[in-house]
Protein chains: 2
Amino acid sequence: MARSPQKSSTPASGNAVTADLVAVLVAVTDGTPDIMTIAGGSALPSGPFEFTHRSLQTALRAWVEAQTGHPLGYVEQLYTFADRGRSGDARSPHSVSISYLGLTREDEVGEGFEAHWSGWYDYFPWEDHRAGAPGFIAKSIAPKLKAWAKAAPSPALQRERWQRCAITFGLDDRDWNEELVLQRYELLWEASLIPEANHSRGREASVVPGKPMTADHRRILATGIARLRAKIKYRPVVFELMPAEFTLLQLQRSVEALAGRLVHKQNFRRLIEQQELVEETGAMAADTVGRPAKLFRFRHAVLAERAVAGTKLPLSRT
Amino acid sequence: MARSPQKSSTPASGNAVTADLVAVLVAVTDGTPDIMTIAGGSALPSGPFEFTHRSLQTALRAWVEAQTGHPLGYVEQLYTFADRGRSGDARSPHSVSISYLGLTREDEVGEGFEAHWSGWYDYFPWEDHRAGAPGFIAKSIAPKLKAWAKAAPSPALQRERWQRCAITFGLDDRDWNEELVLQRYELLWEASLIPEANHSRGREASVVPGKPMTADHRRILATGIARLRAKIKYRPVVFELMPAEFTLLQLQRSVEALAGRLVHKQNFRRLIEQQELVEETGAMAADTVGRPAKLFRFRHAVLAERAVAGTKLPLSRT
DNA sequence: GCCATTTATACTCTCCGTGAGCATAAGATG
DNA sequence: CATCTTATGCTCACGGAGAGTATAAATGGC
């Protein structure tokens, strides 16, 4: 880097790169969180950034709308990668990849596109704790992690590795922290339990369940899931994923789908209502089992009232 | 964007860009939060990304260490900009700017460099509420914002604008939220109260106090301050800014310097100690007024123990 | 040496948010 | 009508956080 602030655009050939966008587009249907994928579910939608657009967000929105025929509700930048070793070949034109998180409603997606939806727990089965911790964590993942920890060169490093495993996966009676999606993925990668890791070549038997993805797309997805799980706790972004009218249980199911854990029903309702996030439509839910529920809609006014202030969901760490 | 995930590096001439890094480097000395600046304090350190480095972080660290002669404690990506209108001239080689937040210790900076430190409240005087809300907010900023709100075309829009002003600046008896740094800056920009805004040309009399910066550097700084103010509440990053040994009051003063608000001393100590973030060195502070305080050091073990879990500071929103 | 001043440090008290559980209501189904 | 399922109202106990009181330990001025 040079010190001059203004003349940063010295068009030296060594600095020319291409800019790529990668999108984590999320929707929720019937309690299943989905992401948009291409290439048979093996990659996230991505491609070169067109500088005909005014900004990155504009480019992303335009592209998604062309794909789905519907505007993107919420967009947020995730991370920018420029690692040299990323593109595979060594000294080819370098590429900067800018990843985004976008929220939309699945039911509005048009037909006839290559893109389609995949459940995000297909890629991260260990992240779904709605029915308790998945059995294979204790049965399969934990022992493999233990073996990896034991393989460390010194006893101190062995303890350190295992402590990391225990913290991120909630082992040894620790609490499960649903926000550590990326840390868990990176840990599994380091332990060579992820097919994408080069150093797990030829050892396909010893990998963990979960569908792999092209390049580092699954890592980007992990980043997106982690960001979203954190975000729903203090911003009213869940509503971007809901239909115009919904019951409180449907809302709760969506939150639980994203968080990968269950919440206390009464407390959930108390929180939603006391924050005045929703208002009754007057109508009741039809075609339902059990007592019919009131229908609610999101009070869009809260976006102006509270601006960036706060929304709370009963997902706090204990 | 195309749909193919792999062949993203079509070296079409229209997609070639240059990658720039912009850094918000923070240090705290004697209760003053400083940022590294160049060009007489009118710009953040920035320059083209050298692809000889393995990653963006590596490049940033190498550069900062060359500048300051000291390793960078904590580094975090802030945001990536690729707005077309950003570089000023229209169709020149496009540039992607990747901004970073970095924490370091000011006293370790080498001599003889162009870079030097500037107090960050020079650029954002309205952000320092340690001695209560600065008087010029009520005297100068609020009336100008009110005028701007009144200039909206419809009564509804006028109310909306004013509500936004009141929320972000804590007017009308609202609480001051120190995290809304970026929102406040953007609001002032929209209201043409910021010299950097093109539409305030020739109206220099009606701008708000605070030193301007080149291009959108002050906006990037606002992003960094906001991120840091949020971060110190749940991650032990303050310690990256502290000397090896410090008293609890010094620690508190640093937190207050960053947050721009005071905290309750006893509660602060209770929180720090019950979380076992620090340990006594055994020594006492010398050359001090009043009763001497114990010296503490950061317990680096917490980084391993809690990994990403949690650190709390008494800065919660009430 | 005494006092004012400044900082350090120990306790206490109250309020409220939150987790958790109990109880009841209102539909559908057989 | 019994049962199942979901909706909805209410209570209770615990713990964390804000705020205040009290005391200890140093300095400097007179």
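In what follows, chains carry the letters A, B, and so on, assigned in the order in which the sequence lines appear, proteins first and then strands, with residues in each chain numbered from 1. Quick caveat: nothing in here was measured; it's all calculated off a predicted structure.
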Practice problem: Apply side chain to side chain contact (heavy atoms under 4.5 Å, CB included) to Glu245(A) and Phe296(A), showing your working. | Solution: CA-CA 5 Å; Glu245(A) 305 193 348; Phe296(A) 293 84; over 6 Å; no
Self-check item: Carboxylate-amine/guanidinium contact Asp128(A) Arg130(A), below 4.0 Å
Solution: yes
Quiz prompt | Interatomic distance, Tyr234(B) OH vs dG16(D) P [rounded to whole Å] | solution = 21 Å
Quiz item: Expressed in angstrom and rounded to an integer, what is the separation of Glu280(B) atom CD from dA8(C) atom P?
Solution: 14 Å
Quiz item: Using a cut-off of 4.0 Å on non-hydrogen atoms, how would the nucleic acid contact of Leu249(A) be classed: base, sugar-phosphate, or nothing?
Solution: sugar-phosphate
Quiz item: How many Å lie between CD on Gln252(A) and P on dT5(D), as a whole number?
Solution: 17 Å
Exercise. Quickly work out the Phe268(A) CZ to dT8(D) P distance and round it to whole Å.
Key: 13 Å
Quiz item: Out of dT9(C), dG19(C), dT6(D), which has the shortest distance to the side chain of Asn267(A)?
Solution: dG19(C)
Quiz item: Parallel, tilted or perpendicular for Phe298(A) and Phe239(A), by the 30°/60° rule?
Solution: parallel
Quiz item: With respect to the phosphate group of dT6(C), does any side-chain polar atom (N or O) of Arg291(B) fall under 4.0 Å of OP1 or OP2?
Solution: no
Practice problem: Using atom CZ of Arg270(A) as one end and atom P of dC16(C) as the other, report the distance to the nearest whole Å. | Solution: 14 Å
Quiz item: Counting any heavy atom closer than 4.0 Å, what does Lys294(A) reach on the DNA or RNA strands: base, sugar-phosphate only, or nothing?
Solution: sugar-phosphate
Quiz prompt | Nearest-angstrom distance from the residue atom CG of Leu262(A) to P of dT6(D) | solution = 13 Å
Quiz item: Taking the six-membered ring of Trp176(B), is the NZ or CZ of Arg184(B) close enough (under 6.0 Å from the centre) and on axis enough (within 45°)?
Solution: yes
Quiz item: In terms of side-chain geometry, is the basic nitrogen of Lys231(A) or Glu240(A) positioned less than 4.0 Å from the acidic oxygen of its partner?
Solution: no
Exercise. Could you check how far CG of Leu271(B) sits from P of dG18(D), rounded to whole Å?
Key: 8 Å
Quiz item: Between dT9(C), dG21(C), dT8(D), which nucleotide has the shortest distance from any of its atoms to the side chain of Arg269(A)?
Solution: dT8(D)
Quiz item: Within this structure, what is the NZ-to-C1' distance between Lys265(B) and dT6(C), rounded to whole angstrom?
Solution: 9 Å
Quiz item: Nearest nucleotide by nearest heavy atom, which residue falls closer to the 5' end of DNA chain C, Met284(A) or Gln266(A)?
Solution: Gln266(A)
